[in-house]
Amino acid sequence: MFVFNNIKNLQQHLSSINDDENIGFVPTMGALHEGHLSLIKRAQKKSDIIVVSIFVNPTQFDKPEDLVKYPRTLENDLKLLETVNCDVIFTPTVDEIYGDTIQSTSFTFDGLEHQMEGKFRDGHFDGVGTIVKRLFEIVKPTNAYFGEKDFQQLQIIKKMVEKHKILINVTGCEIFRENDGLAMSSRNTRLTKEHRLAAPFIYKTIKKAKKKFKKKSPKKVINWVKKKFKKHSLLELEYFEIADEKTLQTIEKKDSDKKYRAFIAVFAGEIRLIDNIKL
Ligand code: AMP
């Protein structure tokens, strides 16, 4: 396993790869867990050389304290990556990526950026677009893998690739969960014991909402979820929305030839957790 923290050395190494071998790329912010590893395993099915980046991207954090507190566990991450036979790890410094100006570029993603996370996390998707585009330009992969855990981000990356005519196949990978249903996340390690025990309620509730959606209107399902969280003493609902998978626009009525997904963001104490489910 090769580990590079500098662009020049990484590119020099990647330029020695044979023409008939293709690169699969998995961008991460580290604090790796089984969810991240599932993306790598998926990438290994289609790509010959797997590059994983570990970079806590400052421009996608809307709250400075969240950036400071984001878990950084590089030593453990490298051990985990060894267990899945990852080929190349890229762990650049902020300086290496941004130089003197830690700033994001402004993007338009045809409105995808204004929904859900976009409403609550100012500038988040400009930060995501900026770092992913930069990493794509550095690594130049054939395939890139993103989790459906961040479904809005996945759709935005697909839109960016399409709009900027970037020749990379973007693949979405299923949400990997703990045994109790909680979607794996680097943020889970920051939950208190009490909040960790409470957190599976999120997935349980959206699974029930999925069942209800078969017979009830979106509005009724949304109100039911809101009520459930109002009664919960440890979890605070930020949003629960039912939206078209493609446009991410919320819906009032079901249309039989469209695909829908429910999206949720919840505060468990200080920690903000997100999840989603195909309806
Ligand atoms: P992060 O390090 O949180 O930025 O995540 C890096 C990539 O892993 C993103 O594409 C995430 O969507 C994906 N990811 C994070 N958690 C999970 C999970 N539980 N299941 C599947 N993919 C995930």
Side-chain angles (χ1 to χ4, degrees), residues 24-45 47 50-62 66-67 69-74 76-78 80-81 84 86 89-92 94 97 104 112 116-117 121 124-125 127-136 139 141 143-161 168-191 196 199-200 202-203 206 248 261 263-266 268 271-278:
F25 180 41
V26 181
T28 81
M29 296 210 296
L32 301 183
H33 49 68
E34 293 262 345
H36 295 112
L37 301 188
S38 71
L39 265 58
I40 294 166
K41 287 173 194 162
R42 176 78 185 269
Q44 283 168 332
K45 287 189 182 153
S47 298
I50 309 302
V51 179
V52 172
S53 63
I54 297 177
F55 180 65
V56 182
N57 175 36
T59 62
Q60 72 186 70
F61 285 81
D62 53 327
D66 203 17
L67 169 63
K69 287 184 181 165
Y70 199 84
R72 289 156 169 93
T73 58
L74 185 60
N76 194 52
D77 291 350
L78 295 179
L80 276 178
L81 292 168
V84 289
C86 196
I89 322 299
F90 182 44
T91 59
V94 172
I97 294 291
S104 45
L112 293 177
M116 284 130 9
E117 292 297 285
R121 301 186 69 190
H124 172 67
F125 288 119
V128 169
T130 304
I131 186 60
V132 173
K133 189 159 179 285
R134 179 96 181 94
L135 289 170
F136 278 179
V139 178
N143 303 301
Y145 298 82
F146 293 84
E148 288 184 348
K149 158 89 180 4
D150 303 280
F151 193 84
Q152 187 172 9
Q153 168 176 282
L154 167 67
Q155 297 300 64
I156 279 175
I157 304 294
K158 283 184 177 167
K159 180 66 75 180
M160 181 177 81
V161 162
I168 295 173
N169 305 310
V170 174
T171 301
C173 307
E174 266 183 36
I175 302 175
F176 206 85
R177 298 180 181 281
E178 301 284 357
N179 287 337
D180 58 16
L182 176 66
M184 286 197 184
S185 164
S186 308
R187 288 188 161 85
N188 293 353
T189 57
R190 293 182 53 211
L191 292 167
R196 174 62 190 85
I202 301 168
Y203 183 52
I206 61 173
L248 300 182
R261 215 167 249 266
F263 298 85
I264 193 164
V266 170
I271 312 304
R272 188 173 181 276
L273 302 172
I274 58 168
D275 203 345
N276 67 80
I277 192 164
K278 200 178 175 64

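Whatever order the structure lists them in is the order used to number ligands and atoms, beginning at 1. Position 1 is the first residue of the sequence, and the numbers go up from there.
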(request) Please name all residues satisfying side chain to side chain donor-acceptor pair (under 3.5 Å) with Thr130, sequence neighbours left out, ordered by chain then number. (result) none

(request) Decide, yes or no, whether a salt bridge links Glu148 with Arg261 under the criterion of side-chain N to carboxylate O below 4.0 Å. (result) yes

(request) Mark yes or no for whether Gln155, through its side chain, and Leu112, through its backbone, hold a donor-acceptor pair below 3.5 Å. (result) no

(request) Using a strict cut-off of less than 4.0 Å between a Lys/Arg side-chain nitrogen and an Asp/Glu carboxylate oxygen, indicate whether Glu117 and Arg272 qualify as a salt bridge. (result) yes

(request) Output the set of protein residues with a heavy-atom contact under 4.0 Å to ligand 1, ordered first by chain identifier and then by residue number. (result) Pro27, Thr28, Met29, His33, Gly35, His36, Leu39, Tyr70, Phe146, Gly147, Lys149, Asp150, Gln153, Glu174, Ile175, Phe176, Met184

(message) Run Arg196 and Glu178 through side chain to side chain contact (heavy atoms under 4.5 Å, CB included) and show every step you take.
(response) CA-CA 11 Å; Arg196 174 62 190 85; Glu178 301 284 357; 3.6 Å; yes

(request) Nearest 0.5 Å please: distance from the CD1 atom of Ile206 over to the CG atom of Asp275. (result) 4.0 Å

